[in-house]
Amino acid sequence: MNIEYTEHAGLFHLSNNAVSYIIKLLENGQLGHVYFGRRLMGHPDFNHRNERMHRTISTYPFENDTSFSLEHILQEFPAYGTSDFRMPALEIQQENGSLITSFVYSRHRIYQGKPALPQLPATYGNEPDDVMTLEIHLEDELIQTEAVLYYSIFRNYAAIARSAKIINHGTQPLNLTAIMSMSFDLPDSDYEMVHFSGAWARERGKVLRHLAPGIQSVGSLRGHSSHQHNPFFILKRPFTTEHSGEALGISLLYSGNFLAQVEVDPHCTSRVMIGIHPAQFCWHLKPGEAFQTPEALLCITENGLNSLSQTFHGLYRNHLLRGYWKHRAKPILLNSWEAAYFNFTEASILSMAKTAYDCGIELFVLDDGWFGNRNNDKTSLGDWFPNYNKLPDGIRGLSKKIHEIGLLFGLWIEPEMISRESELFHKHPDWLIQTPGRTPCHGRNQYVLDFSREEVRENIFRQIDALLSNAEIDYLKWDMNRSITDCFSASLPSFRQQEVFHRYILGVYNLYEQLLDKYPRLLIESCSGGGGRFDPGMLYYAPQGWISDNTDAIDRLVIQYNTSMGYPLCCMGSHVSSSPNHQAGRATPLDTRANVAYFGTFGYELDFTKLTDLERKKIREQVVFMKKYQNLIHTGLFYRLLDPQENNRIAAWMTVSEDGTQALVAYYRMLNEVNAPYRTLKLCGLEEKKLYRITPGNLTCYGDELMYAGLIISDNSCGRVFDNSLKTYDFYSKIFILEQV
């Protein structure tokens with residue numbers, strides 16, 4: 001790992017064993033993008049890579065020089081309007097109304113480590129030599145403003161972390177109307193853009209489109225990263241597959257409004273950028289003030305989409321997750337929501353908890369309905385004190401009784417929201433996000449608290465702190481069930497109203513930080529109506545997230561498969577729920593529900609008191625299995641084998657220990673078949689010359705056979721074998737355990 005600066009050439013070269021990222025100072029002092037890809041040997045200047053030629057009907061910043069136009073040069077962090085007409089990474093409105101800027105190189109710093117970003121999530125190094133950072137300082141002398149670009153390279157990953165900071169050194173205020181976290185230009189457009197879009201209960205559907213002239217983008221203006229689009233996308237070559245070919249992954253460590261965009265110009269270069277969405281954004285920057293962008297991660301591979309995913313998985317597990325639960329096994333939980341909804345008593349909760357403990361469950365979570373006068377979704381949000389009609393001994397008494405049973409105890413909260421029917425609303429009706437003189441929209445019969453205001457956050461912190469300090473609470477499920485509308489803060493002047501969305505998410509991060517500072521062993525699971533705010537920014541505070549309210553095992557195959565493109569399994573909340581499922585109405589076998597849910601954090605959404613003896617027996621076996629293989633699932637190398645969206649509704653994936661000695665292979669078929677073809681499944685990540693025992697079946701095969709000839713998965717659907725162990729049915733699944741002999 002190294003960062004070199006060649007002064008005579010004005011060249012910056014960031015490299016490790018896998019990758020090079022090269023930047024060059026242009027003739028006008030701005031930054032040009034030279035290369036990002038497989039590691040290159042050092043070159044004296046790379047001048048030959050900066051092509052220059054005259055193009056008719058172009059504009060040129062230098063008199064008598066028709067070879068230099070920013071319209072045709074690959075750039076880093078471009079601005080608009082001085083011979084470049086593409087979308088800018090930075091736009092600043094000055095007092096005279098001008099939006100034209102010219103940021104040119106002034107100095108740089110190279111150092112070991114990586115700075116934390118104030119008020120924002122960011123990756124970090126565990127040791128000083130894990131990561132190196134390049135700071136490039138640019139200045140616009142006319143407006144006395146500095147731009148600092150941060151580039152960090154990790155020792156063990158083909159990845160670059162980027163962010164930017166703007167500092168107003170002048171005497172006049174500025175309005176920052178657009179600032180991306182990352183922007184760079186690619187020399188061609190022969191890529192397919194893969195992004196992950198959907199809606200509530202069908203998050204992160206995979207969408208693929210070939211880049212075309214013009215702008216292709218996804219984003220959110222909902223105040224959170226959203227169910228509709230994830231702040232993560234991939235650019236892959238048309239020939240790239242799961243296991244071969246070039247791909248770039250771009251991810252934003254941010255939970256608010258975002259824009260992810262690729263602009264293809266008439267000469268087929270591609271401008272790639274990601275950051276805070278410039279619509280509904282304007283930051284007023286007083287003299288002496290600075291603005292820091294969220295961090296973006298840029299990863300690259302020549303070995304296919306699965307290799308790209310493994311890079312993100314490793315980075316997030318080792319350099320984004322923090323604290324007590326970073327590498328600890330997550331407790332296997334039972335959540336009360338689908339078991340009871342709002343209809344429970346202390347006696348029914350304790351009965352569920354006792355039965356769960358007998359089945360090996362480690363954590364009981366009391367979901368919605370425990371606070372204020374909450375018996376439906378129309379009241380009490382904002383009143384974070386116990387509903388004594390349901391819980392006569394309060395949360396303190398209940399938590400003590402749950403611990404006496406032998407379980408950890410957790411609670412559901414939705415701290416960012418308020419109900420009109422609540423004590424908090426009657427005391428502070430002005431704490432809502434709402435526009436003066438207009439009727440605010442409601443969602444799920446609730447409204448959004450103005451978390452841009454410190455007094456609002458402090459009130460909610462005091463309420464939650466009172467719960468945590470007076471009861472034995474080990475876990476919080478932090479929900480957020482609606483988007484932000486009517487965006488206006490009563491505490492801000494008119495010229496700062498377009499700061500509210502960003503100030504809001506900074507307030508959310510602040511409350512997380514406050515709670516974790518005081519309660520460092522508290523496990524928080526993030527949620528937003530399921531997967532409405534499942535993003536890398538949240539993982540910095542909550543090491544696991546509820547990826548969808550859809551708990552149907554068959555729908556979850558697609559959701560979990562696609563989520564694994566950018567996120568590790570240890571972060572993905574996945575539970576076994578009722579059959580028929582409460583969202584899809586589908587009846588699926590208990591074995592299959594568990595076989596899907598294993599590949600995540602694992603838990604249950606069932607009323608254990610209503611299960612049969614056989615079902616409880618199976619659940620005990622499932623819990624034993626998960627405890628045995630949890631470390632392999634959460635820390636192993638994950639391989640996607642068959643995409644359920646592309647393989648006639650058949651899915652398969654596997655996880656392999658880093659030393660290659662152990663693996664789990666999961667195979668799923670949505671509907672049973674008759675007289676189906678013979679099938680084999682080609683595995684990945686095994687050691688070619690090692691012998692593996694395969695269970696069930698007690699078969700032994702060498703790794704090369706399993707990877708190149710494949711694991712035979714033919715069963716009774718291929719004909720009548722008269723072997724009950726191969727009997728199949730609708731929503732059939734099977735897990736194979738591989739261990740080196």
* Flag, side chain of H575 to backbone of N335, donor-acceptor distance under 3.5 Å -> no
* To do: State, yes or no, whether a side-chain contact exists between L664 and I737 at a heavy-atom distance under 4.5 Å.
  => yes
* Parallel under 30°, tilted from 30 to 60°, perpendicular over 60°: which one fits the rings of Y316 and F312? -> tilted
* **Donor-acceptor contact below 3.5 Å, side chain T123 vs main chain H319** => no
* Asked: Do D535 and L252 touch side chain to side chain, with heavy atoms closer than 4.5 Å?
  -> no
* Intermediate values then yes/no, side-chain contact (heavy atoms from CB on, under 4.5 Å), R328 and L523 -> CA-CA 11 Å; R328 282 182 166 79; L523 173 58; over 6 Å; no
* To do: Count the heavy atoms of every other residue, nucleotide or ligand shown that sit under 6.0 Å from OH of Y629, and state whether that count exceeds 12.
  => yes
* Does the ring of F344 carry K390 above it, NZ/CZ under 6.0 angstrom from centre and within 45° of its axis? -> yes
* Asked: How far does CE of M707 sit from OH of Y702, to the nearest 0.5 angstrom?
  -> 13.5 Å
* First locate atom CD1 of I413, then atom CG of L515, and finally report the distance between them rounded to the nearest 0.5 Å. => 7.0 Å
* To do: Using distance alone, with no hydrogens and no angle criterion, decide if S717 and N672 have a side-chain donor and acceptor under 3.5 Å apart.
  => no
* Asked: Should we say atom CZ of R444 is surrounded by more than 12 heavy atoms from elsewhere, each under 6.0 Å from it?
  -> yes
* Supply the atom-to-atom distance C527 SG to M480 CE, rounded to the nearest 0.5 angstrom. => 11.0 Å
* Minimum heavy-atom distance K206-D643, with the two atoms named -> NZ-OD2, 2.7 Å
* **Q310 side chain to F638 backbone, donor-acceptor under 3.5 Å** => yes
* **F342 six-ring face occupied by R374 cation (under 6.0 Å, within 45°)** => no
* Basic-acidic side-chain contact under 4.0 Å: E346, K401 -> yes
* Checking H227 side chain against S548 main chain: does a donor-acceptor pair fall under 3.5 Å? -> no
* To do: Report yes or no: does D130 contribute a side-chain atom to a donor-acceptor pair with the main-chain N or O of F154 at less than 3.5 Å?
  => no
* Asked: Taking side chain as C-beta onward, heavy atoms only, is Y598 less than 4.5 Å from Q622?
  -> yes
* **Salt bridge present between D555 and R202 (N-O < 4.0 angstrom)** => no
* Close side-chain approach of L253 and Y540, heavy atoms under 4.5 Å -> no
* **Check: D479 side chain, W412 main-chain N or O, donor-acceptor pair, under 3.5 Å** => no
* Check against salt bridge (Lys or Arg N to Asp or Glu O under 4.0 Å), R322 and E513 -> CA-CA 11 Å; R322 300 181 298 160; E513 204 72 73; 3.4 Å; yes
* Will you find, in the side chains of Y561 and Q645, an N or O donor that is under 3.5 Å from an N or O acceptor? -> no
* To do: Go through the steps to decide whether Q630 and F602 satisfy the test side-chain contact (heavy atoms from CB on, under 4.5 Å), and finish with yes or no.
  => CA-CA 9 Å; Q630 186 182 53; F602 198 64; 5.8 Å; no
* **L642 CG to R649 CZ distance, which is reported to the nearest 0.5 Å** => 13.5 Å
* Which word best sums up how the rings of Y732 and Y667 line up, parallel for under 30°, tilted for 30 to 60°, or perpendicular for over 60°? -> perpendicular
* Considering residues, nucleotides and ligands other than I712, do more than 12 of their heavy atoms fall under 6.0 Å from its CD1? -> no
* Atom of L408, atom of I402 and distance for their closest heavy-atom approach -> O-CG2, 3.6 Å
* Would you check if there is a donor-acceptor pair between the side chains of R640 and S309 at a distance under 3.5 Å? => yes
* For K627, does the NZ atom have more than 12 heavy-atom neighbours from other residues, nucleotides or ligands under 6.0 Å away? -> yes
* Asked: Would you find a donor on one side and an acceptor on the other, under 3.5 Å apart, between the side chain of E203 and the backbone of G531?
  -> yes
* **S336 vs D367, side chain to side chain donor-acceptor pair (under 3.5 Å): CA-CA, chis, key distance, verdict** => CA-CA 6 Å; S336 71; D367 210 283; 5.6 Å; no
* To do: Kindly check if the number of other-residue, nucleotide or ligand heavy atoms within 6.0 Å of CD (E621) is above 12?
  => yes
* Please check if the distance between the ring centroids of Y512 and W478 is under 6.0 Å. => yes
* Asked: If we ignore angles and hydrogens, is there a donor and acceptor under 3.5 Å between the side chains of D659 and T661?
  -> yes
* Is any side-chain heavy atom of W325 less than 4.5 Å from a side-chain heavy atom of P331? -> yes
* Separation between CZ of R533 and OG of S255, rounded to the nearest 0.5 Å -> 6.0 Å
* Asked: Please walk me through it: do V194 and K236 pass side-chain contact (heavy atoms from CB on, under 4.5 Å)?
  -> CA-CA 8 Å; V194 184; K236 75 177 192 69; 4.2 Å; yes
* **From E242 atom CD to L641 atom CG, the distance as rounded to the nearest 0.5 Å** => 8.5 Å
* Minimum side-chain heavy-atom gap I554-Y668 below 4.5 Å -> no
* K682, NZ atom: more than 12 neighbouring heavy atoms under 6.0 Å -> no
* **Distance-only polar pair, side chains of T563 and R204, donor-acceptor under 3.5 Å** => yes
* Asked: Is a side-chain donor or acceptor of R616 paired with a backbone partner of L611 at a separation under 3.5 angstrom?
  -> yes
* Using a strict cut-off of less than 4.0 Å between a Lys/Arg side-chain nitrogen and an Asp/Glu carboxylate oxygen, indicate whether K734 and D715 qualify as a salt bridge. => no
* Heavy atoms, side chains only, cut-off 4.5 Å: are L539 and L321 in contact? -> yes
* **T612/K617 under side-chain contact (heavy atoms from CB on, under 4.5 Å): CA gap, chis, key distance, verdict** => CA-CA 9 Å; T612 66; K617 180 177 181 293; over 6 Å; no
* Asked: If we only count heavy atoms from C-beta on, is the V508 to H224 side-chain gap below 4.5 Å?
  -> no
* For atom OH of Y357, is the number of surrounding heavy atoms from other residues, nucleotides or ligands below 6.0 Å larger than 12? -> no
* Structure fact -> Note: A553 and T592 closest approach over all heavy atoms is CB-O, 4.3 Å
* Asked: Donor-acceptor pair, H634 side chain versus G600 backbone, under 3.5 Å?
  -> yes
* Structure fact -> When every non-hydrogen atom of T635 is compared with those of R317, the smallest separation belongs to O-NH2, 3.4 Å
* Are a donor atom and an acceptor atom from the side chains of Y567 and N230 found within less than 3.5 Å of each other? -> yes
* Asked: Okay, side chain of S251, backbone of L297: is any donor-acceptor separation there less than 3.5 Å?
  -> no
* Look at atom CZ of R396 and say whether more than 12 heavy atoms of other residues, nucleotides or ligands are closer to it than 6.0 Å. => no
* Any side-chain donor paired with an acceptor under 3.5 Å for E338 and T551? -> yes
* **F196-F232 aromatic ring centre distance below 6.0 Å** => yes
* Structure fact -> Closest heavy-atom pair, S399 versus A471, reported as atoms and distance to 0.1 Å, is OG-CB, 3.6 Å
* To do: Indicate the atoms forming the closest heavy-atom contact of L686 with M654, along with that distance.
  => CD2-CE, 4.3 Å
